[in-house]
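Excluded from the calculations below are hydrogen atoms, water molecules and symmetry mates; all remaining heavy atoms, backbone and side chain alike, are included.
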Amino acid sequence: MSDPNVWVCIPTALKAHVQGILQKWKDHGYRIALFTDPSTAEGKDLKGHDLLIHSAYPGVWRAWNALAKAVMACGADVCVLAGDDMEPDPSRTAQEIAREYLQRWPGGWGVMQPTGDRQGDIIGDKWNSQRICGSPWVGPGWIRRGYS
């Protein structure tokens, strides 16, 4: 299998910290799709994205929906829906994780939340990254069915 085409989809208000977070995703092999609102002054200065939807902010769910559909049109094999305060797994590339996803769900029919890294607070003996589905991975099959 060739390297999967993996996108991270991030709705953002473009806070000062987001540029560094985008670079971390890029450094781990992700292509970056952003949803920004025209009322956000910083939008024109943000660098490093591969796709930008610059439109009135419809809320996080609808922004993720629009981004997921857009990256599928760009040939994404896997799409990660993340917040602008989330970072990629620091020890694995997008392609390594995507290969595991695609082995489990050929055609991209599943939803997966990798939990290998320890991030966030510890509540009930578990890290946030182990307790919540904060950056789900979905593929073309799941997206096509979800938006049909």
Side-chain angles (χ1 to χ4, degrees), residues 3-90 92-102 104-117 119-121 123 126-148:
D3 279 344
N5 183 6
V6 185
W7 288 73
V8 61
C9 297
I10 303 174
T12 184
L14 303 174
K15 299 170 188 150
H17 72 277
V18 81
Q19 190 69 61
I21 288 174
L22 295 181
Q23 189 60 51
K24 288 179 182 183
W25 287 100
K26 191 70 102 172
D27 289 347
H28 281 84
Y30 296 83
R31 296 187 69 190
I32 298 172
L34 298 178
F35 193 109
T36 64
D37 188 289
S39 67
T40 306
E42 297 176 68
K44 63 182 182 277
D45 299 325
L46 195 63
K47 308 280 189 267
H49 54 77
D50 299 288
L51 183 142
L52 176 66
I53 297 176
H54 197 57
S55 182
Y57 185 65
V60 68
W61 309 112
R62 288 189 173 129
W64 274 333
N65 293 347
L67 288 168
K69 288 188 273 188
V71 302
M72 287 302 127
C74 293
D77 294 311
V78 182
C79 171
V80 182
L81 306 173
D84 68 0
D85 60 344
M86 297 189 157
E87 299 180 6
D89 184 317
R92 304 192 54 217
T93 68
Q95 289 68 37
E96 290 171 326
I97 300 169
R99 278 192 285 275
E100 290 181 17
Y101 171 88
L102 293 167
R104 287 182 180 93
W105 294 287
W109 290 98
V111 176
M112 178 177 85
Q113 176 62 57
T115 61
D117 57 326
Q119 292 186 17
D121 296 324
I123 299 172
K126 289 189 177 185
W127 293 88
N128 282 351
S129 59
Q130 295 173 308
R131 291 183 314 96
I132 65 170
C133 187
S135 56
W137 289 54
V138 295
W142 190 89
I143 291 170
R144 276 192 302 274
R145 178 169 285 173
Y147 299 120
S148 60

Looking at CD1 of Ile21 and NZ of Lys26, how far apart are the two atoms once the value is rounded to the nearest 0.5 Å?
15.5 Å
What is the distance from atom CH2 of Trp142 to atom CE of Met72, rounded to the nearest 0.5 Å?
10.0 Å
Could you report the tightest heavy-atom contact between Leu102 and Gly108, atom names first, then the distance?
CD2-N, 4.4 Å
Is the shortest heavy-atom distance from the side chain of Pro58 to the side chain of Phe35 under 4.5 Å?
yes
Determine the interplanar angle of the Tyr101 and Trp137 rings, folded into 0 to 90°, and report it as parallel if under 30°, tilted if 30 to 60°, perpendicular if over 60°.
tilted
Audit row: Val80, Ile97, side chain to side chain contact (heavy atoms under 4.5 Å, CB included) steps and yes/no:
CA-CA 11 Å; Val80 182; Ile97 300 169; over 6 Å; no
Run the numbers on Trp109 and Arg145 for side chain to side chain contact (heavy atoms under 4.5 Å, CB included), then give the verdict.
CA-CA 9 Å; Trp109 290 98; Arg145 178 169 285 173; 3.8 Å; yes
If you define the side chain from C-beta out and look only at heavy atoms, does anything of Thr12 sit under 4.5 Å from Leu22?
no
Please step through side chain to side chain contact (heavy atoms under 4.5 Å, CB included) for the pair Asp77 and Val6, ending with a clear verdict.
CA-CA 6 Å; Asp77 294 311; Val6 185; 5.8 Å; no
side-chain contact (heavy atoms from CB on, under 4.5 Å) with Pro11: which of Thr36, Leu81, Val60?
Val60
Does any N or O in the side chain of Trp25 come within less than 3.5 Å of the main-chain N or O of Met86, such that one atom is a donor and the other an acceptor?
yes
Tell me whether Asp37 contacts the main-chain N or O of Tyr57 through its side chain, where contact means a donor paired with an acceptor under 3.5 Å.
yes
Within a strict 4.5 Å, meaning less than it, do heavy atoms of the Leu51 and Leu67 side chains meet?
yes
With rounding to the nearest 0.5 angstrom, report the SG to NZ distance, Cys74 to Lys69.
14.0 Å
Step by step, work out the side chain to side chain contact (heavy atoms under 4.5 Å, CB included) result for Asn5 and Arg31.
CA-CA 8 Å; Asn5 183 6; Arg31 296 187 69 190; 3.4 Å; yes
In terms of heavy-atom contacts, Pro4 and Arg99 come closest through CD-NH1, 3.8 Å
Closest approach of His28 and Pro90, non-hydrogen atoms and distance?
NE2-O, 3.2 Å
Ile32 backbone acceptor or donor facing Asp50 side chain under 3.5 Å
yes
Please name the pair of heavy atoms, one in Gly83 and one in Ile10, separated by the smallest distance, quoted to 0.1 Å.
C-CG2, 3.9 Å
Are Leu34 and His54 packed together at the side-chain level, in the sense that at least one heavy-atom pair is separated by less than 4.5 angstrom?
no
Under the 3.5 angstrom rule, does the side chain of Trp64 hit a backbone N or O of Ala82 as a donor-acceptor pair?
yes
